[in-house]
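Computed from a prediction, not measured in an experiment: that's the story for all the values here. The figures here come from the full heavy-atom set of this structure, side chains too, leaving out hydrogens, waters and symmetry mates.
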Amino acid sequence: MRLAPRSLTGQLALLILVAFLAAQFISLWLFTGERGTALQASLRVETAERAAAVVLALEAAEPDNRPGILAAARSHQAQFEVGESAISLKETELPAVRSRVTDVLGSPREIRAEEVGISPRDGRPMTPPAALAWLRDRLLAAGVAPTELRLSVLLKDGTWLNVRSRNDRRDFQLPPAILGTILLSLALIMAALWLGLRRITGPLRHLVQAAEEMGIDGPAFSMPRGGPDEVRALSDAMERMQARISGMVADRTRMLAALGHDLRSPITALRLRAEMVDDDETRERMAATLDEMQDMVEATLAYARGVSPDQPMEPTDISRLLLDLASELSETGPQVVTGTMEPVTLPLRRTPMRRALRNLIDNAQRYGGGAVIGLSRVGSDVVISIDDKGPGIPDADLSRVFEPFTRLEQSRSRETGGVGLGLPIARAILHAHGGTVELTNRAEGGLRATVTLRGVPAREG
């Protein structure tokens, strides 16, 4: 399942969103590290000063008053006790704490201090695996994990003042001002991104529409002129490309038409000369060859006219056109019947479209023993189906039959095989109308030609 957006706007928005959140995460990571370090330093100094003050009070008071001093010094986060031994497990690793205690006391003392990470549930020291020790240290440095400062100071009477000061880091929360700034920045970035991308994707959508509606035989479509320089340059390039393609197609069409027209004269002259041949068999063979040449010339001219803008677009009742073709072709060959026929009117070039549909129906009638025609709507598309009950076509040849002068029927008879331009002419005309044609073998036998006219404004009538 594809989760990433497909559109340019969606992909850039996702990329910028991820980059923004990553940048904010890194910034907060650094911020929490600095803030955690500052808080830890402040708490260490506060604990050291309180411990030093308690040491001075204990040494100045009578032994009976010591419990009261310790009780007064205790708090929810800090515990003060006097014992025969120190609680720290190793020599001091906090020189700042030791130095502060010494400064307040005014004389050097034996001091042991350490800070350990503790579990937030039971207060026991955290002992993660060695591979995760770096994570524990980072959490401690960032002030995220709870810690406990353990401090032991040797009193003058040989006993130890043991201090346990716990820091649960409950005061660490993302400040509302920072959270609001992040959300506001994200909203402004997304708004600017949306406005900027609309200026890019708007002309691109128009460019896609122009490319879809671009026809080799139609008028030049108006290319978008707005947007960035790159989009305007692409529009200009596509406009020049359309002009070149239209020019090449027009030149080819004129060349084919002129060639076909010029060939008629020598064919006619040869036909007259063939009539003067005394041998009947030779004369008949020459006449048959000339007839085949004439058919090829006429088919070539029809192919050339099929993609030329020689007809205006006009509203055409497709169902009436198909009914007329079915009736006309049924008079000269196997029966052509109509099935479901929805009334549809489309703007088309009537004569070329009639030629294309006639070629397809004639193909089904000739090789399939008749045809059944259907007309329906599928969404915004108009679909014409032409079914026959013939032997079908091998799957490998379903697309090859649309190539000019391709004949699957191996005989050289013009009555059974034609010249191989009927289907290419039909496809060229349909493509010029923005449509498609596809051949498929039916499961129940026979062949189906499916004509689809896409994206054409249609009116039911």
Side-chain angles (χ1 to χ4, degrees), residues 31-128 133 135-175:
F31 170 78
T32 55
E34 295 177 357
R35 187 170 183 267
T37 301
L39 286 175
Q40 281 184 321
S42 176
L43 291 172
R44 288 169 183 171
V45 171
E46 179 184 354
T47 302
E49 291 178 348
R50 288 183 64 188
V54 172
V55 168
L56 293 176
L58 291 175
E59 292 180 342
E62 295 295 331
D64 294 340
N65 295 331
R66 283 188 172 186
I69 295 175
L70 293 175
R74 290 192 186 98
S75 66
H76 176 71
Q77 299 297 116
Q79 300 294 323
F80 291 81
E81 297 177 349
V82 174
E84 298 297 328
S85 60
I87 61 171
S88 57
L89 303 178
K90 49 189 174 182
E91 294 297 329
T92 177
E93 293 183 355
L94 301 173
V97 174
R98 181 179 180 180
S99 174
R100 188 57 184 164
V101 173
T102 302
D103 291 343
V104 174
L105 295 179
S107 60
R109 299 288 182 93
E110 184 176 353
I111 302 172
R112 298 179 182 180
E114 66 177 358
E115 190 173 45
V116 297
I118 59 175
S119 170
R121 291 179 296 180
D122 52 19
R124 294 183 179 180
M126 291 190 301
T127 55
L135 180 59
R136 177 200 60 188
D137 296 339
R138 179 56 190 163
L139 292 175
L140 293 175
V144 176
T147 60
E148 185 177 78
L149 174 61
R150 299 175 179 181
L151 175 64
S152 295
V153 182
L154 182 63
L155 301 178
K156 291 181 178 179
D157 61 0
T159 59
W160 291 83
L161 172 65
N162 297 318
V163 183
R164 298 173 182 267
S165 178
R166 178 170 175 167
N167 177 25
D168 291 331
R169 312 300 185 192
R170 295 176 181 174
D171 60 334
F172 178 75
Q173 296 178 354
L174 187 63

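Residues Leu149 and Leu43 fail the side-chain proximity criterion, which asks for heavy atoms closer than 4.5 Å. You'll find the side chain of Val54 stays beyond 4.5 Å of the side chain of Val153, heavy atoms only. Annotation: side chain of Ser75 is in contact with side chain of Arg50 (closest heavy-atom distance under 4.5 Å). The shortest side-chain heavy-atom distance between Val82 and Leu58 falls under the 4.5 Å cut-off. Contact of the Val55 side chain with the Val104 side chain is not registered, since no non-hydrogen atoms from C-beta on lie closer than 4.5 Å.
Atom OG1 of Thr159 sits about 5.0 Å away from atom CZ of Arg66, to the nearest 0.5 Å. The CZ atom of Arg44 lies 14.5 Å from the CD atom of Glu49; values are rounded to the nearest 0.5 Å. Rounding to the nearest 0.5 angstrom, the gap separating the CG atom in Leu56 from the CG atom in Leu105 is 5.0 Å. The distance from atom OG1 of Thr102 to atom CD of Glu110, rounded to the nearest 0.5 Å, is 11.5 Å.
Looking only at distances, a side-chain donor or acceptor of Gln77 sits under 3.5 Å from a matching main-chain atom of Arg166. A donor-acceptor pair under 3.5 Å is absent between the side-chain atoms of Glu81 and the main chain of Leu161, judged by distance alone. In this structure a side-chain-to-backbone donor-acceptor pair under 3.5 Å is missing from Arg100 to Ala48. A donor-acceptor distance shorter than 3.5 angstrom exists from the side chain of Asn162 to the backbone of Ser85, with no hydrogens or angles considered. Of the possible donor and acceptor atoms, none in the side chain of Arg150 sits under 3.5 Å from a partner among the backbone N and O of Val163.
In plain terms, the two heavy atoms of Pro67 and Asp64 that are nearest each other are CD-O, 3.4 Å. Looking at every heavy atom in both residues, Phe80 comes nearest to Ala51 through CE2-CA, 4.0 Å.
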Given side-chain contact (heavy atoms from CB on, under 4.5 Å), test Leu155 with Glu59 step by step and report yes or no.
-> CA-CA 7 Å; Leu155 301 178; Glu59 292 180 342; 4.0 Å; yes
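Between Glu114 and Arg112 no salt bridge is recorded (no basic side-chain N to carboxylate O distance below 4.0 Å).
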